[in-house]
Amino acid sequence: QMPLEESGGGSVQPGGSLRLSCSAPKYADCMGWFRVTPKAGREAVAFAGESATYLSGSVKGRFAVSRDVAKNTIDLHMNDLRPDDSATYYCASVARQSPVLKVKCGRMPLPPENFDSWGRGTQVTVSS
C-alpha cells in the first residue's frame, strides 16, 4: 500500500491552532487520525465515515474532524492545543468495501489493525 500523504503539523504555543490534512489515493471506508507519544503510546484521536465523525474524549470540544469523501481527504482541526497534545500524528485509512466498517466508522473508536494504509506521520509540538 502506498503511504497516505499528510501535511500540516509543526510547533505552536499552548492555546494555538493547527490543521492536519491527509489524502488517500482512492475511496476509503473509513479515515482517521492516531497519535503516538513515548509516554502514552498510540491513541485514537478522530475518525470520519461518510457522514459520521468521532473524536476521543481527550480532544472533544477542542478538535474537529472533517472529511471530503469525493476527494478522499480528511482534515483534523486542532484548537486550544495543550502540551499533552504533542505527538506524532498518523493518518490512516481502510478500503475493504466493508459494510461493517462503514457503519462503525465515525461512531466509535476503531483499533489500528482495522486500517490498511498509513501516513508517515507528522510532528505536532505544543510548548511555550
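Closest approach of K102 and R107 over heavy atoms only: O-NH1, 4.0 Å. Between G121 and E6, the closest heavy-atom pair is N-OE1, 2.6 Å. For the residue pair A95 and A28, the shortest heavy atom distance occurs at CB-CA, 4.2 Å. Heavy atoms only, all atoms of each residue included: G9 and T122 are closest at CA-OG1, 3.9 Å. V69 and E50 make their closest contact through CG2-CA, 3.9 Å (heavy atoms, listed as atom of the first residue, atom of the second, distance). Residues V65 and A48 come closest through the heavy atom pair CG2-CB, 4.2 Å.
Atom NZ of residue K60 and atom OH of residue Y54 lie 7.5 Å apart, to the nearest 0.5 angstrom. Considering OG1 of T37 and CG of D84, their distance stands at 8.5 Å, rounded to 0.5 Å. The CG atom of N72 sits 10.0 Å away from the NZ atom of K26 when rounded to the nearest 0.5 Å.
Here side chain to side chain donor-acceptor pair (under 3.5 Å) pairs that include residues 7-25, with residues two or more places apart or in two chains, are S17-N79, S21-D75. The list of disulfide (SG to SG under 2.5 Å) pairs with a residue in residues 41-128, not counting sequence neighbours, reads C22-C91, C30-C105.
At least one side-chain heavy atom of L20 sits less than 4.5 Å from a side-chain heavy atom of V124. Taking 4.5 Å as the limit, some side-chain heavy atom of R35 sits within range of a side-chain heavy atom of S58. By the 4.5 Å heavy-atom criterion applied to side chains, L81 and F63 are counted as neighbours. Within the 4.5 Å cutoff, no side-chain heavy atoms of M78 are placed close to those of D85.
Screening D29, L4, V94 against F115 for a side-chain contact (heavy atoms from CB on, under 4.5 Å) leaves a single residue, V94. Applying ring pair (Phe, Tyr, Trp, His ring centres under 6.0 Å) to F34 and the options Y90, Y89, W118 leaves one that passes, W118.
Note: the hydrophobic cluster containing F47 does not contain L55 (ILVMFWY, side chain heavy atoms under 4.5 Å, direct or indirect links). Both V12 and W33 are assigned to one and the same hydrophobic cluster, defined by single-linkage of ILVMFWY side chains at heavy-atom distances under 4.5 Å. Follow the hydrophobic side-chain contacts under 4.5 Å out from V36 and you reach L110 in the same cluster.
Within a 6.0 Å sphere centred on CZ of R120, heavy atoms belonging to other residues, nucleotides or ligands number 12 at most. For E5, the CD atom sits in a loose shell: 12 or fewer heavy atoms of surrounding residues, nucleotides or ligands are nearer than 6.0 Å.
Listed for the S93 side chain is no donor-acceptor partner under 3.5 Å among the backbone atoms of M31.
Residues passing the side-chain hydrogen bond (donor to acceptor under 3.5 Å, both in side chains) test with S66, sequence neighbours excluded: H77.
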